[in-house]
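Note that the coordinates shown come from a computational prediction; the quantities given were computed from them, not determined experimentally. Reckoned from all heavy atoms, side chains included, excluding hydrogens, waters and symmetry mates. Naming: A, B, ... by sequence-line order, numbering from 1 per chain.
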Amino acid sequence: MGSLQLKSIRKAFGTHEVLKGIDLDVTDGEFVIFVGPSGCGKSTLLRVIAGLEDATQGSIRIDGQEVATVPPAKRGIAMVFQSYALYPHLTVKDNMGLGLKQAGAPAQEIETRVSKASKMLSLDPYLARRPAELSGGQRQRVAIGRAIVREPKLFLFDEPLSNLDAALRVQTRLEIARLHRELKATMIYVTHDQVEAMTLADKIVVLSAGAIEQVGSPMELYNHPANVFVAGFIGSPQMNFIDAGKLGESGAKTVGIRPEHIALSRESGDWKGKVVHVEHLGADTIVYMETEATGLLTVRLFGEHQYATDDVVFATPDRNSMHRFDANDRAIR
Amino acid sequence: MGSLQLKSIRKAFGTHEVLKGIDLDVTDGEFVIFVGPSGCGKSTLLRVIAGLEDATQGSIRIDGQEVATVPPAKRGIAMVFQSYALYPHLTVKDNMGLGLKQAGAPAQEIETRVSKASKMLSLDPYLARRPAELSGGQRQRVAIGRAIVREPKLFLFDEPLSNLDAALRVQTRLEIARLHRELKATMIYVTHDQVEAMTLADKIVVLSAGAIEQVGSPMELYNHPANVFVAGFIGSPQMNFIDAGKLGESGAKTVGIRPEHIALSRESGDWKGKVVHVEHLGADTIVYMETEATGLLTVRLFGEHQYATDDVVFATPDRNSMHRFDANDRAIR
Amino acid sequence: MAKATQSPIRSGFVHLALIAYTLIALFPVFLTIINSFKAKNAIFREPMAVPTPSTFSLVGYETVLKQGDFLLYFQNSFVVTVVSIFFVLLFGAMAAFALSEYRFRGNTAMGLYLAIGIMIPIRLGTVAILQGMVAANLVNTLTALILVYTAQGLPLAIFILSEFMRTVSDDLKNAGRIDGLSEYAIFFRLVLPLVRPAMATVAVFTMIPIWNDLWFPLILAPGESTKTVTLGSQMFIGQFVTNWNAVLAALSLAIFPVLVLYVIFSRQLIRGITAGAVK
Amino acid sequence: MSATDHSDPDLPTIKRPFRWHIVVFLAPAVIVYSAIMILPLIETLRLSLFNTVEGQSVFVGLGNFSTLFGDDRWAASFWNALKNNLIFFAIHMVVQNPIGVALAAMLSIPKLRFVSFYRTAIFLPTLLSFVIVGFIWKLILSPLWGVAPWMMDLVGLKALFSPWLGKPGSALIAVSLISVWQYVGIPMMLIYAALLNIPDEVIEAAECDGITGWSQFWKIKLPLILPAIGIISILTFVGNFNAFDLIYTVQGALAGPDGSTDILGTLLYRTFFGFQLQLGDRSMGATIATVMFLIILAGVSFYLFIIQRRMRRYQF
Amino acid sequence: EDVTLTIESWRNDDLSIWQEKLIPAFEAKNPGIKVVFSPTAPTEYNAALNAKLDAGSAGDLITCRPFDASLELYNKKHLADLTSLAGMENFSPVAKSAWTTDDGSATFCVPMASVIHGFIYNKDAFDKLGIAVPTTEDEFFAALDKIKADGTYVPMAMGTKDLWEAATMGYQNIGPTYWKGEEGRAALIKGEQKLTDAGWVEPYRVLAKWKDYLGDGFEAQTYPDSQNLFTLGRAAIYPAGSWEIGLFNSQADFKMGAFPPPVKAAGDTCYISDHNDIGVGLNAKSAHAEEAKKLLSWIASPEFADIYANSLPGFFSLNSTAVKMADPLAQEFVSWREKCKPTIRSTYQILSRGTPNLENETWVESANVINGTDTPEVAGEKLQKGLDSWYKPAK
Ligand SMILES: Nc1ncnc2c1ncn2[C@@H]1O[C@H](COP(=O)(O)OP(=O)(O)OP(=O)(O)O)[C@@H](O)[C@H]1O
Ligand SMILES: Nc1ncnc2c1ncn2[C@@H]1O[C@H](COP(=O)(O)OP(=O)(O)OP(=O)(O)O)[C@@H](O)[C@H]1O
Ligand SMILES: [Mg+2]
Ligand SMILES: [Mg+2]
């Protein structure tokens, strides 16, 4: 239980086509993350899967069964909304239990499941409170809890952590990972946070303007981006893109090298250049330099380094980690 | 012009004291960043400086002049709100120009200043739009633009980038840095983002529960945190704290070591332990391990590393980067 | 493709129910209008039938338009209604702003004081009002009506508007303050435009009793030159109470202006324009 | 540093200058309202403490009140009017507001077509003047003109028709229902606005949770619009206890038959302004007005201090 | 500079007659005076007028309701004393009685018109059914029975919805026959008779019998409904006031006749209600009292009486000079003055000065009796009890 097949899903609002034929297979128990720039259609796709929005075209199968005409309630899904969407008038407990109650589950059963979920999410002390009396992180957990108790085949998360601050974010992320391990349910997750995507996903789906750019495991995308878009989108700071011509490479139009795959030295190296700006992050140092061969180059160094603006430095890329792209921006393998 | 002195600022809402005596000197042209956990009073302090909230007690001097009874409009400040607070019924152009128009600046002058700011922020194509027709990042820039055109002595930013996605965030951060360089104005900036704080600030002010914990340059705070609170707050992942007793250190109660200052090896090292969880971020690998000597230990490695759960590994801290804290949680220098 | 979000059966039922109620709501109006175009015997014999060539008659409208200066009455009603609404909205919004924006001593008391007017019908003050108007030499002027309606509309307007004004983002107003806007500029340039939907609601709620009022026009401005359309048609009904053609025609004529006013305001009704103000 | 060591003596707490703009904002409304509404009303209510004795107006203290409640005749008409008024109010509460809520609930269904047409159509009666409403409904319900009997005949219920407006048992209900017909637009409009205010996500979350249709309305929407329903109830209460015009136009100032539709408003009008041969009695009128005011004030206070305090408002 | 005089009135039906006939006639003779006739709907007239008088914004001339309502205005000094007005001599004391103080010392309104009650019938219907005009109660009910049995016509057009119709067209119409007109009325005022006495309850008993002859749903039938029912030819008999004549003439397309209230037994004296209904007074605060008096004197003149009575058949002039009326129906009504004893409505003088108001109570009870809500006896008791609560006749 919990597999999902999307076949040429299209969705238009009026004449504006938001999803342009999405094909995707998600196997049971997988953790799939959608990433992509703002407005590319991630939420819309999630909502189509949930049945909150009708696709203009295409087929959606959950566990092999066509669900296009099945209302959201009957699809065996649970959705966690970006804005939590808790029922403001119900206590935490009732928020979590309402769905079960509606389905006519016996009170005993509801009690057990809610208390199990609340234990898992450390919500026990708050069961009697209403959403307004909870902090952001707690609300987030209630929203997740509400999804869990229904033990759905399929979880849908829409940027569930976007409103949390750094510390809470890390903590909740770990909880979701644990959840996935324990429940073994299929999860589909939208985020724009690189770290979340890299750490949580079995499979990342990169979307752009309503179409899928690449599907793969996090490290696959990091190491073997299919095209310039994916290469640029995955990784922060962004990959450096250099005109292949300038480097004398033939058979490629663009060469990409990630900031962390460039070594810096004051003495010698492949590309000579001048430091433009340095950012000290403590754990890392980001050096922005201008070289004749490459133009502006971002270099990420581990730990602290005392480079200063206008220093003359030499950069040496790790040739094995270079990416080559053709005239159509596709990766050359 | 643009200096700021705060002297024992106190602010209470009813009986609840939110600011408990803040003393701070900001010199002209400095970039000061306030960080601290949610609810510690950052926004309140900013609002007191702006004059939107009356301090219960204390003195505020801008350019040496007491401003406690001066209304916000006359303090020569500009503020960028966390929520943008754009005027929804006005176009981008009018949003930026309203303040000047109100001050009776000639139309010609307004035109020039707005177009200069819009050029600086690449807003030219959107001048005729209303906020509802802009993307999040664009709105953010309009909010900044509105502050710029007034050419104030003092900028106040309240978590201006908190809701932007990764790419936009980096881009806007760079714009603010450039702005600071070009305008040479004093800037006070609230954020909970580590990278922003480290890269932008001349001086970081760490607040906790309405009081200042430490003031210093980013690297000062990173390298020489004054106490456990600051040490834990600055840096992500968080510093590891180890009971000094366990390590056999005397003269200290707690020892701190940052994840990036621990080396890992499969063969040998100071502390032997087992890998609990590994996060592959592409550029970095975070290893969570359990050792007998230290308990749970977070280690951050540069680049990709093929550790797996349950691997036996040895961790070796960089002794020079260790931090020692006394029984009062103060750093021992 | 079939819809998952909307079952056609369910929305069919909903339309059915709404159409049913719409019929209930419109039926009497419809009845009035079709019969106003019929000859007297037809009105009586077949009240439900639409006018046919044999029953069609404009005699009602002819009677109405011959009698009294209805065009002038309409104009008076329009002036009174529109000017009163203007003042109610302006003064009401200003007071609501003061009450909702500032914390000052007596705020709650002032709020309660201004709400008393919702509880007592102003009609009770008729004699004193009339005496005041006589003293001010305002009898038989539209000004008298406008003053009374303004006072009458204020309490509810303040009540509703201050609820809405509380929802205007503080950050927005503070942004204005920092931008150097005075409190007046904040009110006129920021808050007023943002509560336009609420203003429209208040305008509609204010408009109905003003347009339809019979009492104060009768007392304060019964003169021919200041007569309002409601007073005009009421007299008409008194005069031609058995002449159903004329009465129905007068009633039909009186429905339209108020409907037009409503349509004008209802564009603003319900939906706000605060989108994009804050994230 | 601890939270207890307050005050630095050399740094005085900050005082702000007088905020004249508050006065400016309040002044026009307060002046117009006080001069044209409150003063005349006070002048009127003051009359309740006076009465005309031998042509002279003299202070009688609570004498008028003891007449109102002590004199059989006065008390009978007063209690009759109050009873009718309560029924009038109850009918509005159980018919008008539920219908208004139901209509609003249907109108707020997302993606429904023709919504603004329905909304305008249903609001139209609210826009009509009493003159029109009274006249039309008298005609429709008139046994003579035959519209109502004809329509009931269509559904085979002609036998059930009776001259409702003319029978003491049914007149009040009939007039109340006409008033409901006229005013249903107001609760509909306010509830509709409140329903639109509920974030789509909450509704969508309910859809995903399997809470759909009626149970969604009962369990999710209704609790969230309770504050709006509260406001409507109080506006209905105030409106009903001040009502006058409709009954006056439909049933006349005597609110027949046999006083069965007499409510406080009509009683007040007759007493205060007089009717036909009955001369207006300002003092007793003012007395009734004062009692009405107190009743309404009690209701409003009950709402403000008991109901509204317990009612939760939710921020979305 | 012309002086403009405003006349306050509840007679909005008369608007066109004033505008088209009366005012031009007056203005032609009195250059420099303009007259505006400014009527208010009858239901609001008293309230609106009182408010305006109190505030001092009322018109120069005030149309006077008969008896107490106007007396009160005079007592409050809102109406000027017109005892010595030129033209007042044209009216008999009886005509002036409705607008004269109790002691007879002052008259404050110029009597304008009276109305007479009776029954108007559809002549065509009577002819078709072969019914003769009834003169006694028995004949009357026999006629009604016959009409009812035939089924073509509703026997009698009257409704109780508007209350006053039941009281005025019913009780006050047939009542004088039973309480013997002025005799009973005076006795009631003196306290010698009570409303529970036979003479006062008997008319209710008769009214109660009317119920069976009224149209379907008469409980919700309004006054205009009744008028329409009759003028459209659907009813045979209409209990009327003479003021209907004008309207009926213009609306009915059948022949009409009239008969006075039937007597109990053939040969009994017949009584009619010939009620002083309209007068005109002078606002004591009028700024143009002189001009207003000119107008009042003209209203008191035979010329006015002639125009008025002929323009408004059914409103009979109170002027001593006989007016020749062209309308046959009006002539029929006025001819009863010769053979029957006239009286005014029983509740109008003195008895409606207090609370509860006898007139209003009579409306309610008359409707109740016809509707069957109250028995005639209960109605009488209720009315007497209400009257007793404030009225202490000087014995
Ligand atoms: N109801 C709608 N009507 C018209 N256009 C819509 C509607 N909903 C979404 N869109 C458009 O569809 C596109 C995709 O929207 P969607 O919400 O799926 O983006 P997203 O990928 O979730 O972006 P974000 O990361 O900003 O949430 C956007 O361009 C948006 O403007
Ligand atoms: N108007 C107010 N009335 C009462 N308490 C308030 C008010 N405004 C703020 N507080 C309280 O003051 C404290 C500080 O609030 P503030 O907004 O300054 O926090 P912050 O540091 O900006 O937090 P965050 O990072 O979440 O924005 C909080 O505990 C808050 O609950
Ligand atoms: Mg989205
Ligand atoms: Mg804050």
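- Residue-level contacts of residues 178-186 of chain C with chain B, in order of numbering, are C/Ile178, C/Asp179, C/Gly180, C/Leu181, C/Ser182, C/Ala185; threshold 4.5 Å between heavy atoms.
- More than 12 heavy atoms of other residues, nucleotides or ligands shown are found within 6.0 angstrom of CD on B/Glu182.
- Both the backbone and the side chain of B/Ile77 come within less than 4.5 Å of a heavy atom in chain C.
- Closest heavy-atom contact between C/Arg189 and B/His89: O-NE2, 2.6 Å.
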key: Candidate pair B/Met79 and C/Asn174, rule side chain to side chain contact (heavy atoms under 4.5 Å, CB included), full reasoning   = CA-CA 9 Å; B/Met79 182 156 173; C/Asn174 285 336; over 6 Å; no
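- Counting heavy atoms of neighbouring residues, nucleotides and ligands inside a 6.0 Å radius, atom CZ of C/Phe30 does not exceed 12 of them.
- Closest non-hydrogen pair, C/Leu172 versus B/Tyr87, comes out as O-CE2, 3.9 Å.
- Residue-environment remark: CD (B/Glu109) exceeds the threshold of 12 foreign heavy atoms within 6.0 Å.
- Summarising the local packing, NZ of B/Lys93 is surrounded by 12 or fewer heavy atoms from other residues, nucleotides or ligands at distances under 6.0 Å.
- With contacts defined as side-chain heavy-atom distances shorter than 4.5 Å, the pair C/Asp170/B/Leu52 does not qualify.
- For C/Tyr102, the OH atom counts as densely surrounded, since its 6.0 Å shell holds more than 12 non-hydrogen atoms of other residues, nucleotides or ligands.
- There is no contact between B/Arg130 and chain C, counting heavy-atom distances below 4.5 Å.
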